[in-house]
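In what follows, a structure is listed as structure tokens, so that the remarks can point back to it.
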Amino acid sequence: MKTIFVKTPLGPAALTGDKNGVSSISVRDIAADEVIYDEVIPEELEDCVYQLREYFSGERHEFDLKLNPSGSDFQKKVWDALQEISYGKTMSYLELSKKLGDVKAIRAVAGANARNPLWIVVPCHRVIGNDGSLTGYAGGLWRKKWLLEHESPYKQQSLF
């Protein structure tokens, strides 16, 4: 298993994976100058680094990576459903629960969403509250807001 750190606009991200696929991508709440960034990217993580860079530059809207997250069957089912939420779109926790076939499983769905080990690639940031609010995000609500604005087809222009 290899782990490297890469720079992103939202802070340092740790990428972990091996020949079986990417197992985790997580953003870290540490100062960028406290991180030792890897100059040599292991072959197992090259595609992930490349595709994340394309995403942040606005060139990539879908990821095509071999994924190997660790989780329960239910969590993996939720994470698969998250990958069906299109770039620039959102879905509520309730809608996601309905899509998975059990509206009463909303808390379990939210719990699986919160344990998503593949930041951005499995787009848990696209899940919002029923009223359209930004609710819960392991990376911090400011990052969720940034990601949704980054993906929005409607860019706010600065007046000044």
Side-chain angles (χ1 to χ4, degrees), residues 1-93 96 100 106-129 133-152 155:
M1 193 69 68
K2 309 274 174 126
T3 299
I4 63 166
F5 284 89
V6 296
K7 290 182 183 181
T8 78
L10 297 174
L15 285 59
T16 303
D18 59 19
K19 63 180 172 49
N20 297 316
V22 179
S23 58
S24 74
I25 303 168
S26 60
V27 67
R28 302 295 173 97
D29 279 325
I30 52 179
D33 60 351
E34 293 179 22
V35 176
I36 298 172
Y37 293 100
D38 297 272
E39 293 180 25
V40 177
I41 301 167
E43 182 180 343
E44 299 89 344
L45 297 170
E46 283 178 348
D47 282 346
C48 187
V49 171
Y50 181 76
Q51 290 186 34
L52 282 171
R53 286 180 180 157
E54 286 182 328
Y55 170 84
F56 283 116
S57 70
E59 299 169 37
R60 177 171 291 277
H61 296 170
E62 293 180 22
F63 291 93
D64 180 25
L65 296 168
K66 185 176 179 182
L67 303 177
N68 189 25
S70 184
S72 70
D73 289 343
F74 179 77
Q75 288 172 327
K76 289 178 181 181
K77 183 178 172 183
V78 172
W79 301 336
D80 286 344
L82 290 172
Q83 291 179 76
E84 296 175 18
I85 305 172
S86 300
Y87 182 95
K89 304 289 183 193
T90 58
M91 178 180 284
S92 73
Y93 289 99
L96 185 56
L100 291 167
I106 191 166
R107 285 198 165 162
V109 167
N113 195 47
R115 288 172 189 79
N116 169 22
L118 293 162
W119 181 59
I120 298 177
V121 173
V122 174
C124 58
H125 62 277
R126 296 180 188 153
V127 182
I128 59 172
S133 62
L134 299 183
T135 59
Y137 189 64
L141 288 180
W142 71 271
R143 285 189 178 104
K144 183 172 189 166
K145 180 177 185 281
W146 189 98
L147 290 166
L148 293 174
E149 287 174 353
H150 175 70
E151 295 182 1
S152 175
K155 303 296 181 199

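With a 6.0 Å radius and a threshold of 12 heavy atoms from other residues, nucleotides or ligands, K2 has its NZ atom at or below the threshold. Shown here is E62, whose CD atom has no more than 12 heavy atoms of other residues, nucleotides or ligands within 6.0 Å. Other residues, nucleotides and ligands place no more than 12 heavy atoms under 6.0 Å from the OH atom of Y50. Other residues, nucleotides and ligands place more than 12 heavy atoms under 6.0 Å from the CD atom of E46.
Separation of atoms OG (S26) and CG (L118) is listed at 9.5 Å; rounding is to 0.5 Å. Distance OG1/T90 to CD1/I128: 3.5 Å, rounded to 0.5 Å. The CG atom of N113 sits 10.5 Å away from atom CD of Q75, with the distance rounded to the nearest 0.5 Å. Here the CZ atom belonging to F56 is positioned 6.0 Å from the CG atom belonging to L147, to the nearest 0.5 angstrom. Atom CG of L96 is separated from atom CD1 of I106 by 9.0 Å, given to the nearest 0.5 angstrom. We find the NZ-CG distance between K144 and L134 to be 6.0 Å, quoted to the nearest 0.5 Å.
Of the possible donor and acceptor atoms, one in the side chain of S23 sits under 3.5 Å from a partner among the backbone N and O of T16. In this structure, K66 contributes its side chain and K19 its backbone to a donor-acceptor pair below 3.5 Å. Of the possible donor and acceptor atoms, none in the side chain of W79 sits under 3.5 Å from a partner among the backbone N and O of R115.
H150 and Y87 get closest at one heavy-atom pair: O-OH, 3.5 Å. Here the closest heavy-atom approach between residue Y93 and residue T135 is recorded as CE1-OG1, 3.2 Å. The heavy-atom pair separating L15 from C48 by the smallest distance is CD2-SG, 3.5 Å. In terms of heavy-atom proximity, V40 sits nearest to P42 at O-CD, 3.6 Å. Scanning both residues, G139 and V27, for their nearest heavy atoms gives CA-CG1, 4.3 Å. Heavy atoms only, all atoms of each residue included: Q83 and L67 are closest at OE1-CD1, 3.7 Å.
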Next item on the list: Determine, step by step, whether F63 and V122 satisfy the side-chain contact (heavy atoms from CB on, under 4.5 Å) criterion, reporting the C-alpha distance in whole Å, the side-chain angles of both residues, the deciding distance to 0.1 Å, and the verdict.
Entry: CA-CA 9 Å; F63 291 93; V122 174; over 6 Å; no
Check: Between H125 and L148, is a side-chain contact (heavy atoms from CB on, under 4.5 Å) present by the stated rule, with each step listed?
Finding: CA-CA 7 Å; H125 62 277; L148 293 174; 4.1 Å; yes
Checklist line | Steps toward side-chain contact (heavy atoms from CB on, under 4.5 Å) verdict (I120, T8) | finding: CA-CA 11 Å; I120 298 177; T8 78; over 6 Å; no
Next item on the list: For Y137 and V127, run side-chain contact (heavy atoms from CB on, under 4.5 Å): C-alpha distance rounded to whole Å, both residues' side-chain angles, the deciding distance at 0.1 Å, then the answer.
Entry: CA-CA 9 Å; Y137 189 64; V127 182; over 6 Å; no
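Of the N and O atoms on the side chains of Y55 and Q51, not one donor lies less than 3.5 Å from an acceptor on the other residue.
Looking at L100 and V109, their side chains come closer than 4.5 Å, going by heavy atoms from C-beta outward.
Of the listed residues (K145, R60, K89, R126), just one forms a salt bridge (charged side-chain N to carboxylate O under 4.0 Å, His left out) with E151, and that residue is R126.
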